[in-house]
Engineer: 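My questions all concern the structure below.
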Amino acid sequence: MIKQAIIPLAGLGTRLLPLTSVFAKELLPINGKPGIEYILDECIEAGIKEVIFIISEKKKMIKKYFYNDSFYKKILKKKKDSRISKEYKKILKYKKLIKFVYQNKPLGTGDAVLKTKKYIKDNFFLMLLPDDLIIKKNCSKSMIRIHNLYKSSVMASMKVDKKSVSRWGIYKLDKKIDKNNYFIKDVIEKPSIKTAPSNKAVIGRYILPKKIFSKLSKQKPGKGGEIHITDSIQSLIKDNKKFIAHNFSGKYLDCGSMSGYIKSTLEIAKI
Ligand code: G1P
């Protein structure tokens, strides 16, 4: 059973400057609701019982968003507002679920994952990257179903434009399981067009094994000098650990870039 999820939130969000010079990108509203709440709702609906937020001193605003109880209590005492009261109840529900750990140096997603090591209880856990919203169908829930069937690690996958492969982790696929699921032969972080083995990209949903921590603790910096989770995953695949690429059926929205963020608002408003 997958009961714990982790969410790396210490990223600087430079693609969303100037907004992120004073604001955490994950709190930016998408159709009136912070992006991170969409991710939390996906977790809750998928049966997750604990979510570990990896934040930094600079992103403490995220913790404050969930820990503003005395402020809400004061307001609600003065003013009986059913909307505010409903929102506060929702925040309390999220708060019960969340634990915080810190990554104060932006050394990469792999380093962020390593910070959660002592809190992971089961053999597998879920990771969600907050820039990647998947709407209309719960991707985490579908991936957990695949994990329960095959007892292996699972990562979300999507076909991307060949010209954009150097923006993503890219798969080389192995045996087909069914129309939407394939075993992974290789995964390479941000390859050049020339070296990319396909145009199937890693999207930010991962069911990872606890074993990843021992790989991560030895992982050397890769592309851009960062510790990439992709490199440790590749190392586990080389040790014959099974990873499945799952073609999800929801709609992908990239909230980490300005154009993607604007598009997300428009798409979500349509639902
Ligand atoms: C990260 C991963 C990459 C993946 C992408 C999905 O990259 O390292 O493998 O394809 O998320 O959004 P980043 O967006 O942090 O550059």
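Whatever order the structure lists ligands and atoms in, that order sets their numbers, starting from 1. Index from 1, following the sequence.
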Engineer: Distance to the ring centre below 6.0 angstrom and angle to the axis at most 45 degrees; does that hold for K63 and Y67?
Structural biologist: yes
Engineer: Taking the ring of F53 and the ring of F66, is the distance between their centroids below 6.0 Å?
Structural biologist: yes
Engineer: Which of the numbered atoms in ligand 1 are under 4.0 angstrom from any heavy atom belonging to K190?
Structural biologist: 7 (O), 8 (O), 13 (P), 16 (O)
Engineer: Do I6 and I120 come close enough that some side-chain heavy atom pair is under 4.5 Å?
Structural biologist: yes
Engineer: Test of understanding: given a 4.0 Å heavy-atom threshold, classify the contact between L129 and ligand 1 as side chain, backbone, both, or neither.
Structural biologist: side chain
Engineer: Are F213 and V113 packed together at the side-chain level, in the sense that at least one heavy-atom pair is separated by less than 4.5 angstrom?
Structural biologist: yes
Engineer: Any atoms of ligand 1 less than 4.0 Å from a non-hydrogen atom of T230? List them with their elements.
Structural biologist: 9 (O)
Engineer: One residue to check: Y206. Relative to ligand 1, which of side chain, backbone, both or neither has a non-hydrogen atom less than 4.0 Å away?
Structural biologist: side chain
Engineer: Start with the C-alpha gap between L208 and I229, add the side-chain angles, then the distance that decides, and say whether side-chain contact (heavy atoms from CB on, under 4.5 Å) holds.
Structural biologist: CA-CA 10 Å; L208 296 169; I229 191 71; 4.1 Å; yes
Engineer: Can you see whether Y38 has K33 sitting over its ring - NZ or CZ less than 6.0 Å from the centre and within 45° of the normal?
Structural biologist: yes
Engineer: Taking 4.0 angstrom as the limit and counting only heavy atoms of G169, give me the atoms of ligand 1 inside it, by number and element.
Structural biologist: 3 (C), 4 (C), 9 (O), 10 (O)
Engineer: Suppose we measure from atom 14 (O) of ligand 1 to each protein heavy atom; which comes out shortest, and what is that distance?
Structural biologist: R167 NH1, 3.3 Å
Engineer: Does NZ or CZ of K242 fall inside the cone over Y150's six-membered ring, less than 6.0 Å from its centre and within 45° of the axis?
Structural biologist: no
Engineer: Would you mind listing which atoms of ligand 1 come within a distance below 4.0 Å of any non-hydrogen atom of D132?
Structural biologist: 6 (C), 12 (O)
Engineer: Nearest non-hydrogen contact with atom 2 (C) of ligand 1 belongs to which option: E189, M158, E226?
Structural biologist: E189
Engineer: To check your reading of the model: name the closest protein heavy atom to atom 10 (O) of ligand 1, its residue, and the distance in Å.
Structural biologist: V202 O, 2.6 Å
